[in-house]
Amino acid sequence: MAGQTIALVDVRRPDLRWPFPARMAQRLCGQKITGLRRRAKYILADLASGETLIIHLGMSGRMQIDGPFQDCPEPAKHDHVIFHMQTGVRVVFNDARRFGAMDLCQTDQIDSHRFLAKLGPEPLGNRFDEAYLRKAFVNRKTPVKSALLDQKTVAGLGNIYVCEALWRSGIAPQKPVSKLTAKKIAILVPMIRQVLGEAIDSGGSSLRDHLQTNGEMGYFQHSFSVYGREGEACRTSDCKGKITRIVQSGRSTFHCPRCQR
DNA sequence: ACTCGGTCCTGAAGGC
DNA sequence: TGCCTTCAGGACCGAG
């Protein structure tokens, strides 16, 4: 979409998780996309008008690029917003559960938008390091699993990647963050980057809904060490532990109670 | 100022 | 086959 102009936007329902912004289709129609960016789990499309389109995929959302077409194919079930580009390419936002979101905001005010205002640093950026995390963990009793899932601590980790990063770091998910040693935190930071890097290179994790923009599945799910592996043997060398599922603040956590301390 | 559980929604899977 | 319950890549909100 970057550098292309939106010819038409087919908004097929009034809302996702929240109502779409007023006159969304008109505000997008005819606009050139001057840049495509990301902040945390939000896709940001900067428009020539000075506005930015903010998109979140929620749990089941996907963006798929199709075409170019001569004429329009029938939309599939849960195709909620269809961007028709001037090139004839379609970009389709499909989201069965509708936990996704879209909004428009002035580009120069993007950082104070309610979606983005309270987000922590990017896990792959320079502001996220050992010193930052040590400071963020001082005097907090929260289990490290919940703290890393909290987008205010670090922005962009989800349930799978937190489980995998904690396993790679040998850290128990229940551990209160204030009790993590500096040494463990120093291991955790690069492990978070490593998991995300590998997952991105693999096109993400397709459990059920996620597809890449080309319609193909991601394949990082084949590289999970703990997620969804309840009952299986721990893959840490020489560890005789068994992967266990627990529930922390309503979410499944998979871990090895033996080598994650 | 925190932490937790409930909640939004649809669909898939498993038990009986 | 069908009906029921449980669970799912997220994150806001209000209660305590």
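Chain naming here is simple, since letters A, B, ... match the order of the sequence lines and numbering starts at 1 in each.
In this structure, N139(A) places its CG atom 11 Å from P of dC2(B), rounding to the nearest Å. Rounded to an integer number of Å, the gap from NZ of K118(A) to C1' of dA1(B) is 12 Å. Put simply, NZ on K145(A) is 9 Å from P on dG10(C), counting in whole angstrom units. Between the P atom of dG5(B) and the CD atom of Q248(A) lies a distance of 11 Å, rounded to the nearest Å. The separation between M59(A) atom CE and dT10(B) atom C1' is 11 Å, rounded to whole Å. As rounded to whole Å, 19 Å separates atom P of dG9(C) from atom CD1 of I200(A). One atom, CG of L149(A), and another, P of dC12(C), lie 12 Å apart when rounded to the nearest Å. The nearest whole Å value for the distance from the CG atom in L57(A) to the C1' atom in dA8(C) is 16 Å.
Salt-bridge check for K242(A) with E232(A): failed, with every basic side-chain N at 4.0 Å or more from each acidic carboxylate O. R13(A) and D15(A) are joined by a salt bridge, as a carboxylate oxygen and a charged side-chain nitrogen come within less than 4.0 angstrom of each other.
Checked by atom type, the side-chain pair T34(A)/D46(A) shows no donor-acceptor distance below 3.5 Å. Side-chain N/O atoms of D103(A) and H113(A) include a donor and acceptor closer than 3.5 Å. Between N94(A) and K77(A), the side chains place no donor N or O within less than 3.5 Å of an acceptor N or O (distance only, hydrogens not considered).
Under 4.0 angstrom from either OP1 or OP2 of dG10(C) there lies no side-chain N or O belonging to Q151(A). H78(A) has no side-chain polar atom (N or O) that falls below the 4.0 Å cut-off from OP1 or OP2 of dC9(B). The shortest distance between the side-chain N/O atoms of R251(A) and the OP1/OP2 oxygens of dC4(B) is not below 4.0 Å. Dashed line: the shortest gap from a side-chain N or O of R98(A) to OP1 or OP2 of dT10(B) is under 4.0 Å. In this structure, H56(A) reaches the dA11(C) phosphate: one of its side-chain N or O atoms is under 4.0 Å from OP1 or OP2.
Backbone-only engagement by R245(A) is indicated by non-hydrogen atom pairs under 4.0 Å involving sugar-phosphate atoms exclusively. Within the 4.0 angstrom heavy-atom criterion, no nucleotide atom of any strand lies near S60(A). If you check every strand for non-hydrogen atoms under 4.0 Å, K41(A) touches sugar and phosphate atoms only. Nucleic acid contact class of K152(A) (heavy atoms, under 4.0 Å, all strands): none. Heavy atoms of D95(A) sit nowhere under 4.0 angstrom from any nucleic acid atom. Residue contacts for Y227(A): at a heavy-atom cut-off of 4.0 Å it reaches the sugar-phosphate backbone alone, with no base atom in range.
Under 3.5 Å, the side chain of R97(A) and the base of dC9(B) form at least one donor-acceptor pair of N or O atoms.
Aromatic ring centroids of F115(A) and W18(A) lie under 6.0 Å apart.
Here the separation of dA1(B) from dA11(C), taken at their P atoms, is 23 Å to the nearest Å. Nucleotides dT7(B) and dT5(C) place their P atoms 16 Å apart, quoted to the nearest Å.
F99(A) qualifies as a stacking partner of the dG10(C) base, centre to centre under 5.5 Å and near-parallel within 30°.
Under the Watson-Crick and G-U wobble criteria, each requiring two contacts below 3.5 Å, nucleotide dC16(B) is paired to dG2(C). Nucleotide dG9(C): unpaired (no Watson-Crick or G-U wobble partner with both distances less than 3.5 Å).
Between R17(A) and R208(A), the residue anchored nearer the 5' end of DNA chain B, judged by the nucleotide with its closest heavy atom, is R17(A).
Taking the O4'-C1'-N9-C4 or O4'-C1'-N1-C2 dihedral as appropriate, dG6(B) has a value more than 90° from 0 and is therefore anti.
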Go through the steps for K145(A) and T253(A) under the test side-chain hydrogen bond (donor to acceptor under 3.5 Å, both in side chains), then give the verdict. CA-CA 8 Å; K145(A) 163 72 189 311; T253(A) 301; 2.8 Å; yes
